[in-house]
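Here is the structure we will look at, set down as structure tokens.
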Amino acid sequence: MSRSFKLKTFTMSFLLLIIIVIGWVIWRIQTGIDQWPTWQKNVSQARLSGPIAVGSTFQWETHGLPIDSTIREVDPMRRIVWWGPAQGIDGVHVWTITPTAKGVVVHTTESWDGPPVAADPDSMRAALTSSLNAWLADLKTTAEAAN
């Protein structure tokens, strides 16, 4: 497990959601990258090249934006972190799954850096927060249907 990456962060969003499901259900859905387009309304394509492991890469498209991401950290059933550049923006996305007595807490943090973000941080933060809210809503709906 590595936590050695750093970005100067111009915008960041933190969100969490409680979902009444077993943790492995969330982990399976969230790390089933090839399946993202089947349950995420804003992801039109996704392809993992290799296993869910540090250094593996995946290509995906969200809101018409193609992204090449690299997995930076994996703590199975608990945490996954990836990094990826897209159109001048460097993004780091952290997902943490914490079991509770009634289900799990899914916590996501994403940070963006780069010239487009520096030029308009408020609009970028709003776009990021909106995107993460949609992702969490889709994840919750999919997980609860699979439970």
Minimal non-hydrogen separation, Pro51 against Ser56, with atom names: O-OG, 2.6 Å
Check whether any side-chain heavy atom of Gln87 sits under 4.5 Å from a side-chain heavy atom of Pro116, and report yes or no. no
Do Gln45 and Pro66 touch side chain to side chain, with heavy atoms closer than 4.5 Å? no
Does atom CZ (Arg78) have a neighbourhood of more than 12 heavy atoms from anything else shown, all under 6.0 Å? no
For a 4.5 angstrom cut-off between non-hydrogen side-chain atoms, does Ile80 reach Trp27? yes
Measuring from Trp82:CH2 to Ile33:CD1, what's the distance to the nearest 0.5 Å? 6.0 Å
Using 0.5 Å steps for rounding, measure from the OG1 atom of Thr141 to the CD1 atom of Ile29. 10.0 Å
Between Ile71 and Phe58, is any pair of side-chain heavy atoms under 4.5 Å apart? yes
Contact summary for Pro121 and Ala119, nearest pair of heavy atoms: CD-C, 3.8 Å
Heavy-atom closest contact (Gln30 atom, Trp36 atom, distance): O-NE1, 3.0 Å
One pair to check against side chain to side chain contact (heavy atoms under 4.5 Å, CB included): Met77 and Ile97. What are the steps and the verdict? CA-CA 7 Å; Met77 308 296 285; Ile97 302 165; over 6 Å; no
Check whether any side-chain heavy atom of Asp138 lies under 4.5 Å from a side-chain heavy atom of Lys41, and answer yes or no. yes
What's the separation between atom CZ in Arg47 and atom CG in Asp68, rounded to the nearest 0.5 Å? 14.0 Å
Which distance, rounded to the nearest 0.5 Å, do you find between the CH2 of Trp112 and the CD of Glu110? 6.0 Å
For the residue pair Asn42 and Ala134, what are the closest heavy atoms and their distance? ND2-CB, 3.5 Å
Below 4.5 Å, heavy atoms only, C-beta onward: do Arg72 and Val92 meet side chain to side chain? no
Polar side chain donor-acceptor pair, Trp83 to Glu73, under 3.5 angstrom: no
Between Ser131 and Ala127 (side chain of the first, backbone of the second, donor and acceptor by atom type, cut-off under 3.5 Å), is there such a pair? no
From Leu48 atom CG to Gln59 atom CD, the distance as rounded to the nearest 0.5 Å: 8.5 Å
When every non-hydrogen atom of Lys140 is compared with those of Ile19, the smallest separation belongs to CA-CD1, 3.8 Å
At what distance, to the nearest 0.5 angstrom, does OG of Ser123 lie from CG of Leu128? 12.5 Å
Show the nearest heavy-atom pair for residues Pro37 and Ala46, with the distance to one decimal. CG-N, 3.7 Å
4.5 Å side-chain heavy-atom contact, Val106 and Thr108: no
Considering residues, nucleotides and ligands other than Ile18, do more than 12 of their heavy atoms fall under 6.0 Å from its CD1? no
Under 30°, 30 to 60°, or over 60°: which ring-plane class applies to Trp60 and Trp135, parallel, tilted or perpendicular? perpendicular
Check: Val74 and Pro76 side chains under 4.5 Å, non-hydrogen atoms: yes
